[in-house]
Amino acid sequence: MAVVSLLLFGGLWSAVGASNLAVVTCGSVVKLLNTRHNVRLHSHDVRYGSVISRSAHAVANGSGQQSVTGVTSVDDSNSYWRIRGKTSTVCERGTPIKCGQPIRLTHVNTGRNLHSHHFTSPLSGNQEVSAFGEEGEGDYLDDWTVLCSGPYWVRDGEVRFKHSSTEVLLSVTGEQYGRPISGQKEVHGMAQASPNNYWKAMEGIFMKPSELLKAEAHHAEL
């Protein structure tokens with residue numbers, strides 16, 4: 001079912017295995033695994049400030065924007081994110097993502113972008129991470145810089161995502177929600193680098209690398 005919904009995006013999608021594609025590219029739709037806590041980045045139409053509880057304590061604070069969590073399920077279609085260029089730019093499909101490049105991550109099922117701002121996260125007291133905007137359009141607080149080693153974000157490598165405006169790192173530290181999203185982990189922004197900040201591209205539909213990468217390789221040989 002998830003594959004069918006993803007194919008609605010059209011274009012020349014290419015579903016490939018992890019070992020068959022070295023770099024992550026614009027236009028790809030992926031699940032992102034937090035390697036420390038083994039949860040996938042997830043969102044859904046449950047908002048901060050609604051009845052989200054930890055144990056018996058209701059969490060009523062927050063921005064009111066769509067919540068972002070971490071889930072252990074591999075099969076949940078609400079964990080797919082589309083990789084796009086930063087706000088007000090277009091990143092052509094198949095363009096390899098460079099280390100140090102700002103991007104947007106758009107939640108496939110709701111069309112809202114991964115976002116952060118100066119609100120306090122409900123469980124850990126770190127910085128809130130939400131999903132914001134409509135039909136893929138939000139604001140500059142949707143931009144995240146990919147931090148990695150080497151020239152490009154590679155599929156087998158771990159990366160960090162640094163919020164371009166507030167400079168926090170996308171993180172999971174293990175705090176767990178109660179009803180109505182029982183068992184899901186809080187995703188938030190942290191100022192300090194740690195193993196809690198590492199993510200890896202997992203399942204998805206990946207665009208083949210464009211001719212840009214081949215051209216750069218040819219230039220380097222010369």
Side-chain angles (χ1 to χ4, degrees), residues 23-37 39-43 48 63 65-70 78-93 95-121 124 126-155 157-173 185-202 204 206-207:
V23 295
V24 177
T25 58
C26 284
S28 297
V29 174
V30 301
K31 292 183 178 182
L32 294 167
L33 176 73
N34 181 279
T35 56
R36 175 67 181 271
H37 294 275
V39 292
R40 284 161 174 76
L41 188 68
H42 177 92
S43 192
Y48 292 117
S63 64
Q65 293 179 8
Q66 183 170 298
S67 59
V68 173
T69 63
N78 272 319
S79 300
Y80 282 111
W81 301 83
R82 181 159 52 101
I83 301 170
R84 304 169 64 206
K86 69 177 183 178
T87 302
S88 300
T89 68
V90 174
C91 185
E92 296 295 333
R93 291 176 179 175
T95 302
I97 301 295
K98 294 181 179 180
C99 296
Q101 178 178 336
I103 63 169
R104 279 174 293 174
L105 292 167
T106 301
H107 188 242
V108 170
N109 284 351
T110 63
R112 297 189 173 102
N113 299 321
L114 190 70
H115 181 94
S116 194
H117 43 203
H118 292 297
F119 281 82
T120 301
S121 63
S124 66
N126 288 298
Q127 185 165 302
E128 183 186 277
V129 171
S130 63
F132 174 75
E134 297 295 336
E135 298 182 356
E137 298 307 318
D139 62 26
Y140 69 97
L141 293 173
D142 302 338
D143 295 340
W144 298 80
T145 300
V146 180
L147 303 181
C148 48
S149 58
Y152 295 102
W153 177 5
V154 296
R155 285 219 43 206
E158 294 181 339
V159 301
R160 288 185 167 111
F161 298 104
K162 184 177 183 179
H163 192 239
S164 299
S165 295
T166 65
E167 299 190 340
V168 295
L169 297 163
L170 186 68
S171 303
V172 178
T173 50
K185 300 292 180 66
E186 182 186 81
V187 173
H188 49 252
M190 294 183 66
Q192 66 272 28
S194 78
N196 297 308
N197 319 135
Y198 279 116
W199 301 84
K200 186 176 181 180
M202 301 296 288
F206 292 84
M207 294 298 297

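What you see is a predicted model; the values in this text were computed from it and never measured.
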Handout entry: Non-hydrogen side-chain atoms of Val24 and Val159 separated by less than 4.5 Å
Key = no
Exercise for the section: Could you check His107, Glu134, Glu135 and say which one makes a side chain to side chain donor-acceptor pair (under 3.5 Å) with Arg112? Expected result: Glu134
Practice task
Measure across Gly138 and Asn113 and return the closest heavy-atom pair with its distance rounded to 0.1 Å.
Solution key: N-ND2, 3.6 Å
Completion exercise
When every non-hydrogen atom of Tyr48 is compared with those of Val187, the smallest separation belongs to OH-O, 4.3 Å
Problem - Validation row: Leu41, Val68 side chains within 4.5 angstrom (heavy atoms) - result: yes
Practice task
Measure the shortest side-chain to side-chain distance between Ser79 and His42 over non-hydrogen atoms and say whether it is less than 4.5 angstrom.
Solution key: yes
Practice task
Could you label the plane-to-plane angle of the Trp153 and Phe161 rings as parallel, tilted or perpendicular, counting under 30° as parallel and over 60° as perpendicular?
Solution key: perpendicular
Practice task
Compare every heavy atom of Cys26 with every heavy atom of Gln101, then report the nearest pair and how far apart it is.
Solution key: NE2-SG, 4.4 Å
Practice task
Work out which heavy atom in Arg82 is nearest to a heavy atom in Val108; give both atom names and the distance.
Solution key: N-CG2, 4.0 Å
Tell me which donor-acceptor pairs under 3.5 Å the side chains of residues 189-198 have, and how far apart each pair is, sequence neighbours excluded?
from	atom 1	to	atom 2	distance (Å)
Ser194	OG	Asn196	N	3.1
Ser194	OG	Asn196	ND2	3.2
Asn196	OD1	His37	NE2	2.9
Asn197	OD1	Arg160	NE	3.3
Asn197	OD1	Ser194	N	2.5
Asn197	ND2	Ser171	OG	2.5
Tyr198	OH	Arg160	NH1	3.0
Tyr198	OH	Arg160	NH2	3.4

Problem - pair Trp199-Val172: side-chain heavy atoms closer than 4.5 Å - result: yes
Exercise for the section: Applying side chain to side chain donor-acceptor pair (under 3.5 Å) between Ser116 and each of Gln127, His188, His163, report the one that passes. Expected result: Gln127
Exercise for the section: On the 0 to 90° scale, with breaks at 30° and 60°, tag the His117-Phe119 ring pair as parallel, tilted or perpendicular. Expected result: tilted
Practice task
Mind listing the closest non-hydrogen atom pair of Trp144 and Val129 along with its distance?
Solution key: CH2-CG2, 4.2 Å
Exercise for the section: Would you indicate whether the side-chain heavy atoms of Val168 and Asn126 approach each other to under 4.5 Å? Expected result: no
Handout entry: For the student: nearest non-hydrogen atoms of Phe206 and Ser28, plus distance
Key = CA-OG, 3.5 Å
